[in-house]
Number of protein chains: 2
Amino acid sequence: MGTDTKMALLDSAEKAVRSRGYDGFSYADLSSEVGVRTASIHYHFPTKANLATSLMERYNEMLEADLMALDAKAVSAAKRLRTHIDRYRKGLFDGEGLCLCVSFSISRESLEPRVLSELKRYRDISLNWLEKVFTEGKADGSVKSIGHPRQEAATWLAALEGAQLAARAEKDMTRFEETVALMLGRLD
Amino acid sequence: MGTDTKMALLDSAEKAVRSRGYDGFSYADLSSEVGVRTASIHYHFPTKANLATSLMERYNEMLEADLMALDAKAVSAAKRLRTHIDRYRKGLFDGEGLCLCVSFSISRESLEPRVLSELKRYRDISLNWLEKVFTEGKADGSVKSIGHPRQEAATWLAALEGAQLAARAEKDMTRFEETVALMLGRLD
DNA sequence: GTCTATACAAAGATAGAC
DNA sequence: GTCTATCTTTGTATAGAC
């Protein structure tokens, strides 16, 4: 294994949090999935809180990179919003996992301030990006009936996370599609 | 205490699940809040899974009663949807708690089939009721720009649960208001 | 970096007295 | 119904060998 054990642990932990919640997985779970002893996990992540922080940091870096890459493509606002929906659809893994941010929100009280600030950062990045795209959607006419861009952004993000919850509650991807149908319908 | 210990336990447990998640509270927590020993809790609820089931059953009964009472008032569709938003606003307890259903959805894997079916029932009741109200909103003209009622219902529920998550993530009720602003704007 | 061994606390749960 | 006492398992974490 060697140096990429740390990455394997992060991958396993992210999957665990997204599918069972922060309080719903243990180092023993990671141990059996990655193939190292729990003591070894503590070498890479001294505490579970530490691991949680690393998870949210990596998650936010990924988000920023994805959104930047999407902006660089210079396509219509509608097309970018469609790709944004795809992110959440893929992130569901057929009803197995939620947005890391949603999972962590529930366990709020068990988390350190550092994780909470990363949680807020995820939302800030998302809302600012969506607000910008809705403003552009008004200009290029690719998105139907846009209200106040900031409010559109907030509702959009909420509906997407709610759509993931719907699919997860019933382990049924059609619930996700049913929920985002109206959103997709607004995009040319 | 006597006979209403069971009710006090249910109240305490509901608050616990909604603010810390199913895997985030223990019988010890209930013990110190209600003022009975953990062994006594097992008398009322033999297992934690049993307690979870009781919680969701009571929650669904409350939902059904509330929606029926609301329908009985025979007010406009818009007014009923406004009251429905109020339910979720009050249920937040200033960013402390989520809909029980959302909390349980995260801990899906830790739950028994019985709880999962109650979870589905909560969503069915909600979606059917919303679909009906949106259909009536089309007829009485009190709700603006209605698409397919079933899809409106799904998006509405998702956005409300997402709005709760937003408020909880930042412990800030204005995040809830920001998220439901567009929804309120559609109601006469 | 990973292991074995172990410490220590907390969890869900049961037995039996009152 | 509630208590004390106890069991068993699991969870996070550390010490020290390799």
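In what follows, every chain begins at residue 1, and chains take the letters A, B, ... in the order their sequences are listed.
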Could you give the OH-to-P distance, from B:Y43 to C:dA15, as a whole number of Å? 16 Å
What is the nucleic acid contact for A:Y27, judged by heavy atoms within less than 4.0 Å: base, sugar-phosphate only, or nothing? sugar-phosphate
Any salt bridge between A:R175 and A:E178, counting N to O under 4.0 Å? yes
Base, sugar-phosphate, or nothing for B:F25, non-hydrogen atoms under 4.0 angstrom? sugar-phosphate
Should A:E131 and A:R150 count as an ion pair when the cut-off is N to O under 4.0 Å? yes
Does anything in residues 153-165 of chain A pair up under side-chain hydrogen bond (donor to acceptor under 3.5 Å, both in side chains), and if so which pairs, sequence neighbours excluded? A:H84-A:W156
Pairs touching residues 31-55 of chain A that satisfy salt bridge (charged side-chain N to carboxylate O under 4.0 Å, His left out), sequence neighbours left out: A:K15-A:E33
Does B:T5 have a side-chain nitrogen or oxygen under 4.0 Å from the phosphate oxygens OP1 or OP2 of D:dT2? yes
If the cut-off is 4.0 Å, is A:T38 near the phosphate of D:dA13, judged by side-chain N/O to OP1 or OP2? no
Atom-to-atom span, CD1 of B:I41 to C1' of C:dT14 - whole angstrom: 15 Å
First of A:A28 and A:A39 reached from the 5' end of DNA chain D, by closest nucleotide: A:A28
B:R37 CZ to C:dA17 P, in whole Å, measures 20 Å
A:H42 has an atom NE2; how far is it from atom C1' of D:dG11, in whole Å? 9 Å
Using whole Å, report how far CG of A:L30 lies from C1' of D:dT12. 12 Å
Heavy-atom side-chain proximity of B:S12 to B:L9 below 4.5 angstrom: no
Base, sugar-phosphate, or nothing for A:S40, non-hydrogen atoms under 4.0 angstrom? base
Rounded to the nearest angstrom, tell me the gap between atom NZ in A:K48 and atom P in D:dT14. 15 Å
Can you tell me the distance, in whole Å, between the CG atom of B:D23 and the P atom of D:dT10? 15 Å
Nearest to the side chain of A:T47, heavy atoms from C-beta on, is which of C:dG1, D:dA13, C:dA13? D:dA13
